[in-house]
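Here's the structure we're looking at; comments come further down.
Start at 1 and go down the list; that is how both ligands and their atoms are numbered.
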Amino acid sequence: MPKNVLLIYYTQSGQLEEIANNLISSFESAGITVESVRVRPEKDFPFPWTTPVFFEAMPESVHGVPVPLEPLRFQSRSYDLVIFAYQPWFLSPSIPSNSVLLDPAFRAVIKDTPVVTLIGARNMWLNAQETVKNELKSAGASLVGNVALVDRVSNLVSVVTIFHWMLSGRKDRYLNIFPKPGVSDEDILAAKEYGQIVAKAISGNSYSDLQKELVKAGAVEVKYNLMFVENTGKKIFRVWAKIINSRKNRSRWLVIFKYYLLFALFIVSPLVLLINNIFFRPFRGKQNQKKINYYLGLNQ
Ligand SMILES: Cc1cc2nc3c(=O)[nH]c(=O)nc-3n(C[C@H](O)[C@H](O)[C@H](O)COP(=O)(O)O)c2cc1C
């Protein structure tokens, strides 16, 4: 019997679709059938974004509030493996992806099924993956692999370039000075290689070493500084999301949040990182490595 895989994803620019298509490109020749489902919210988010609408998505992303989706239709009741491809928004699964995770039809399909997560992010996906892990676990799925592709340029440069991309809709070099935003073409292509590793595991029906092999191939990396910023950021986002939702003048508070975020990213985080790297990081080597290993793995 040929193996049967479900790939489900949401994408705005098409980046995640390109990554996912590369990942599954070797499946057919390995005798694996893939059913691809592109998720569409009933009322989709705009792309390109406008600045107010972009920040408007923050509280609901952080609080995990779903939106109605066009009905998810699957050809089978069960699959040998499900690939759940998603992108983080505000350190949480994007609202459409989170809506999939909460969808009863999807939850029924992933029950008792191995799942591989595939992430196409700027560079901060650790907290979103924690939420995804919890949702998968509560639906009875077992996470067997994670591939996370990111923009490898420095954090602050990628803040500039992603805003250019998100607000113009063009994945090109801002002012011809900045690097191209998002996951690089080279890394998008490398998804083919990670797909071969996944295909081998599906064919052999053996997932125990899959994540180890994916990590070895470079399918997922965890950088200390980004981990540090992200872990602090998530707590702060939760507080902001609460404040914004409890105020009458939501749009004004979203503008304040926007300026806060830029200040925190460009001024506060480099300073805090510097202090941490001098005074704390050198004494927490083991603890930090343990944390990195945790995020590289699949521990639920
Ligand atoms: C509203 C919004 C918030 C985002 N927040 C994050 C984030 O917290 N971490 C991150 O790594 N990328 C973030 N990104 C980038 C996305 O994860 C993703 O890489 C990008 O939107 C391209 O995905 P696409 O395939 O849907 O076009 C954000 C994008 C949007 C639109």
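Residue-ligand proximity: P88 is placed with a non-hydrogen atom under 4.0 Å from ligand 1. Look at W165 and you'll find a heavy atom under 4.0 Å from some atom of ligand 1. Using a 4.0 Å heavy-atom cutoff, F45 is absent from the residues neighbouring ligand 1.
Residue contacts with ligand 1 for S13 involve both N, CA, C or O and side-chain atoms from C-beta outward (heavy atoms, distance under 4.0 Å). Heavy atoms of M166 found under 4.0 angstrom from ligand 1 belong exclusively to the side chain. Contacts between F55 and ligand 1 below 4.0 angstrom, taking non-hydrogen atoms only, are absent altogether. By the criterion of a heavy-atom distance under 4.0 Å, the side chain of I162, and not its backbone, is placed next to ligand 1.
Between S94 and Q12 the shortest side-chain heavy-atom distance does not fall below 4.5 Å. In this structure, N277 and F228 have side chains that are not in contact, with every pair of non-hydrogen atoms separated by 4.5 Å or more. In this structure, F163 and Y174 have side chains that are not in contact, with every pair of non-hydrogen atoms separated by 4.5 Å or more.
Near N123, meaning under 4.0 Å from any of its heavy atoms, are these atoms of ligand 1: 10 (C), 11 (O). Less than 4.0 angstrom separates some heavy atom of F54 from each of these atoms of ligand 1: 1 (C), 2 (C), 3 (C), 30 (C), 31 (C). Against a heavy-atom cut-off of under 4.0 Å, W49 is close to the following atoms of ligand 1: 31 (C). Close contacts between ligand 1 and L91 involve ligand atoms 7 (C), 8 (O) [criterion: under 4.0 Å to a heavy atom].
A donor-acceptor contact closer than 3.5 angstrom links the side chains of R107 and S138. S76 and N4 are linked by a side-chain donor-acceptor pair at a separation below 3.5 angstrom, with hydrogens and angles left out of the test.
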Distance-only criterion, 3.5 Å: show the donor-acceptor pairs between side-chain atoms of residues 255-266 and protein atoms not counting sequence neighbours.
none

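Residue-to-ligand polar distances keep Y10 apart from ligand 1: every N/O pair is separated by 3.5 Å or more. For ligand 1, the polar-atom distance check finds an N/O of G120 within less than 3.5 Å of one of the ligand's N/O atoms. For the pair L16 and ligand 1, the shortest N or O to N or O distance falls below 3.5 Å.
Comment: E186 does not engage K180 in a salt bridge, judged by the lack of any side-chain N to carboxylate O separation of less than 4.0 angstrom.
Considering only non-hydrogen atoms, atom 7 (C) of ligand 1 lies nearest to F90 out of F237, F47, W125, F90.
Of all non-hydrogen atoms in H63 and R238, the two that sit nearest each other are NE2-O, 4.5 Å.
Side-chain rings of W89 and F45 approach one another, their centers coming within less than 6.0 Å.
Within 6.0 Å of CD in E28 there are 12 or fewer heavy atoms belonging to other residues, nucleotides or ligands.
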